[in-house]
Amino acid sequence: MEPKVISQTLSLAAHSGKWSYGEKSQFSQKQGSGNNWANGYCVHGPKHKDIIMNLVRKEAEKCDRLGGFVTIMSMAGGTGSGMGTFITSCLRDAYPTSLLLNEVIWPYGTGEVIVQNYNSILTLSHLYQSSDALLVHENDVIHKVCSQRMNIKQISFRDVNKVIAHQLGSVFQPAYTTDGATHYSRNPLGELMESLVPHPEFKMLGLRNIPQMSEHSLAYSTFTWHGLIKHLRQMLIANAKMEEGINWQVHLPTEVATRNSSLSAEQLFNRSVANLAIFRGKDIEGASSEGFRDPAMYTPWLPPDDSFSIWKTPRSFNKYEKSATLMSNSQGLLKPLDCIVGKAWNMFASKAYVHQYTKYGIEEEDFLQCFTTLEQIISSYSTL
């Protein structure tokens, strides 16, 4: 919320020559929320609600047809998490029929902020009440992509943001969402939600995108659709977040395997509620998605035809001749979610830092309610 950060963002955009923000489409204050979710949610949010919602209304009124909102927010600090959550609930109240997708940046496991686990559980549990879906980007995973795939030695926030922007672009760039379509989808957010969020209890989305590599490596690489799709499918069932270190031993529990071998490998596989594959690039007609249609991959309560969707376009994306993206509603985020809830509970059990939240109006009961909400989500995904 600090003016320095906002003005830097505006200036970077203006100098890019590709995009600029309207002079009045911005909001900042002298100070942020001091890494305190309660300060952002209970103090700054209500205080600045009218100004911010007025800015949103002006943008919404310019639309011929409002598809919805994508909110990009961090979970570790106070403003992105607390104020971001408050504004999301305001959007839900003001635009009850519009779709809300919250793109949340999951904090580093080793920690940026001592109370990041509190801020994260408060954010996630409240967003689950007002958002239609949460698209998660884990800082640790993006950092690994920068170091291992992009070969960047000293990783900056700009490098991390570039990878996230590439992944988001690979979803929201125009695509044909049905076979034989002659027009690009005019409602990508709606079609994405329809494909991936069939039940309000399951709204945690993850994103995998291949290939991702440095310009230098790319010059010496060639890709086939068969190879890309085979890797992407294995990344999904083995819950690998990037191409490096995929466990090829994990496979689906086919009947033969169930009868003839132990279930250890199959038990590890990442079960999905729904998946959306997006293929971009030349020779697109050679890209077969059959591997993603195996019913064993999905929860039994959803018909197989509703579990998997595919978007395609012959236009290549960014610098890649062929690229494949998979958005998944699966058990893939169970481990990081369980971990963050466990760490927050350990701190809460000893009442560490709780007073910093109660002084702004978040009581111990609110924390307990958050733990209950998230334990229920963990239980639902665990028993898919």
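Atom set for the values below is all heavy atoms of this structure, side chains included, hydrogens, waters and symmetry mates excluded. The first residue in the sequence is number 1, and the count goes up from there.
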Q | Pair Thr325, Asn209: side-chain N/O donor-acceptor within cut-off below 3.5 Å | A | yes
Q) Is the distance between the ring centroids of Phe202 and Tyr381 under 6.0 Å? A) yes
Q.
Show every ring-ring contact (aromatic ring centres under 6.0 Å, His included) that has at least one partner inside residues 324-349, sequence neighbours left out.
A. Trp345-Phe348, Trp345-Phe371, Phe348-Phe367, Phe348-Phe371
Q. How close do Thr313 and Ile284 get, heavy atom to heavy atom, and via which atoms?
A. O-CD1, 3.9 Å
Q) Hey, would you say the Trp225 and Phe279 ring centroids sit under 6.0 Å apart? A) yes
Q | Cation-aromatic face contact Lys203/Tyr128, 6.0 Å, 45 degrees | A | yes
Q.
Under a 3.5 Å distance rule, please check whether Asp140 uses its side chain to pair with a backbone N or O of Gly109 as donor and acceptor.
A. yes
Q) Does any pair with a residue in residues 365-375 pass side chain to side chain donor-acceptor pair (under 3.5 Å), and if so which ones, sequence neighbours excluded? A) none
(Q) When you compare the side chain of Gln29 with that of Ile51, does any pair of heavy atoms fall below 4.5 Å? (A) no
Q. Do Met73 and Leu55 belong together in a cluster built from hydrophobic side chains that touch within less than 4.5 Å?
A. yes
Q: Answer yes when Glu285 and Lys312 have at least one side-chain N-carboxylate O distance shorter than 4.0 Å, and no when they do not.
A: no
Q: Could you go through the side-chain contact (heavy atoms from CB on, under 4.5 Å) check for Phe69 and Leu189 one step at a time?
A: CA-CA 9 Å; Phe69 300 90; Leu189 195 57; over 6 Å; no
Q: Please examine the side chains of Asn36 and Val115, heavy atoms only from C-beta on, and report whether any two atoms are closer than 4.5 Å.
A: no
(Q) Over 60° means perpendicular and under 30° means parallel, so tell me whether His44 and His48 are parallel, tilted or perpendicular. (A) parallel
Q | Under 3.5 Å side-chain donor-acceptor pair for Ser379 and Ser382 | A | no
Q. Got a sec, which residues hit salt bridge (Lys or Arg N to Asp or Glu O under 4.0 Å) with Glu201, two or more places apart in sequence or on another chain?
A. none
Q) Hey, mind stepping through Asp132 and Arg92 against salt bridge (Lys or Arg N to Asp or Glu O under 4.0 Å) and telling me if it holds? A) CA-CA 10 Å; Asp132 291 304; Arg92 172 51 73 226; 2.8 Å; yes
Q) Is there a donor-acceptor contact under 3.5 Å linking the side chains of Asp159 and Ser156? A) yes
(Q) One thing to verify: whether Glu244 and Lys144 come together as a salt bridge, which I'm taking to mean a side-chain N less than 4.0 angstrom from a carboxylate O. (A) no
Q.
Within the 4.5 Å heavy-atom criterion, are Arg65 and Arg186 side-chain neighbours or not?
A. no
Q | Check: His137 and Ile142 side chains under 4.5 Å, non-hydrogen atoms | A | yes
Q.
Please give me the minimum heavy-atom distance between Val273 and Tyr298, naming the atom from each residue.
A. O-CD2, 3.8 Å
Q.
Looking only at the aromatic ring of each residue, does the gap between the centers of His143 and Tyr108 stay below 6.0 angstrom?
A. yes
Q) Are Ile229 and Met213 linked, directly or through other ILVMFWY residues, by side chains that come within less than 4.5 angstrom of each other? A) yes
Q | Worked verdict on Leu101 versus Leu135 for side-chain contact (heavy atoms from CB on, under 4.5 Å) | A | CA-CA 7 Å; Leu101 173 67; Leu135 171 56; 4.1 Å; yes
Q | Under-4.0 Å salt bridge between Lys58 and Glu61 | A | no
Q: Take Tyr118 and Tyr353 through the test ring pair (Phe, Tyr, Trp, His ring centres under 6.0 Å) and record every step on the way to the result.
A: CA-CA 9 Å; Tyr118 281 168; Tyr353 303 102; 7.4 Å; no
(Q) With no hydrogens and no angle check, just 3.5 Å: does a side-chain donor-acceptor pair link Glu243 and Gln148? (A) no
**Q.** Hydrophobic cluster partners of Tyr21 (side-chain heavy atoms under 4.5 Å)
**A.** Ile6, Leu10, Trp19
Q: Look at the side chain of Asn102 and the backbone N and O of Leu134, then say whether any donor-acceptor pair between them is shorter than 3.5 Å.
A: no
Q. Linking I/L/V/M/F/W/Y whenever their side-chain heavy atoms sit closer than 4.5 Å, directly or via other members, would Val354 and Ile114 fall into one cluster?
A. yes
Q. If you measure from CG on Leu218 to CG on Asn318, what distance do you get to the nearest 0.5 Å?
A. 10.0 Å
**Q.** Pairing of Lys49 and Asp93 as salt bridge, 4.0 angstrom limit
**A.** no
Q) So, the side chain of Asp283 versus the backbone of Gly286: is there a donor-acceptor pair under 3.5 Å, distance only? A) no
Q) So, Glu191 versus Thr177: side-chain donor-acceptor pair below 3.5 Å or not? A) yes
Q: Examine the side chains of Thr79 and Ser33 and answer whether a donor and an acceptor come within less than 3.5 Å of each other.
A: yes
Q | side chain to side chain donor-acceptor pair (under 3.5 Å) between Trp311 and Ser185, intermediate numbers included | A | CA-CA 9 Å; Trp311 298 356; Ser185 168; over 6 Å; no
Q) Hey, are Ser195 and Ser309 close enough side-chain-wise for a donor-acceptor pair under 3.5 Å? A) yes
Q) Aromatic rings Trp248 and His231: how do their planes relate, parallel, tilted or perpendicular, breaks at 30° and 60°? A) perpendicular
Q: Look only at the side chain of Tyr360 and the backbone of Tyr41, and say whether a donor-acceptor pair between them is shorter than 3.5 Å.
A: no
Q. For the residue pair Phe317 and His166, is the inter-centroid distance of their aromatic rings smaller than 6.0 Å?
A. yes
Q: Ignoring hydrogens and angles, state whether a donor on the side chain of Arg57 or Asn54 is under 3.5 Å from an acceptor on the partner side chain.
A: yes
Q | Main-chain N/O of Leu236 paired with Asn270 side-chain donor or acceptor, under 3.5 Å | A | yes
Q | Sequence-distant partners of Cys42, side chain to side chain contact (heavy atoms under 4.5 Å, CB included), two or more places apart | A | Ile362
Q | Ile378/Val341 under side-chain contact (heavy atoms from CB on, under 4.5 Å): CA gap, chis, key distance, verdict | A | CA-CA 10 Å; Ile378 290 169; Val341 170; 4.1 Å; yes
Q. Do Leu268 and Leu333 belong to the same hydrophobic cluster, where Ile, Leu, Val, Met, Phe, Trp and Tyr are linked whenever their side-chain heavy atoms lie under 4.5 Å apart, directly or via other members?
A. no
Q. What's the verdict on side chain to side chain donor-acceptor pair (under 3.5 Å) for Asn239 and Arg271, showing C-alpha distance, side-chain angles and the deciding distance?
A. CA-CA 9 Å; Asn239 195 26; Arg271 193 182 289 278; over 6 Å; no
(Q) To the nearest 0.5 Å, what is the distance between CG on Leu207 and CD on Glu138? (A) 11.5 Å
**Q.** Pairwise side-chain contact, Lys282 with Ser316, heavy-atom cut-off 4.5 Å (strictly under)
**A.** no
(Q) Please determine whether residues Val56 and Leu99 belong to a single hydrophobic cluster, defined as Ile, Leu, Val, Met, Phe, Trp and Tyr linked transitively by side-chain heavy-atom distances below 4.5 Å. (A) no
Q.
For a 4.5 angstrom cut-off between non-hydrogen side-chain atoms, does Met150 reach Lys162?
A. no
Q | Set of residues satisfying side-chain hydrogen bond (donor to acceptor under 3.5 Å, both in side chains) with respect to Arg280, sequence neighbours excluded | A | none
(Q) Between Ser272 and Ala274 (side chain of the first, backbone of the second, donor and acceptor by atom type, cut-off under 3.5 Å), is there such a pair? (A) no
Q. If you take all heavy atoms of Asn119 and Ser81, which pair is closest and at what distance?
A. CB-OG, 4.1 Å
Q) Between Leu276 and Ile310, is a side-chain contact (heavy atoms from CB on, under 4.5 Å) present by the stated rule, with each step listed? A) CA-CA 6 Å; Leu276 165 65; Ile310 181 161; 5.9 Å; no
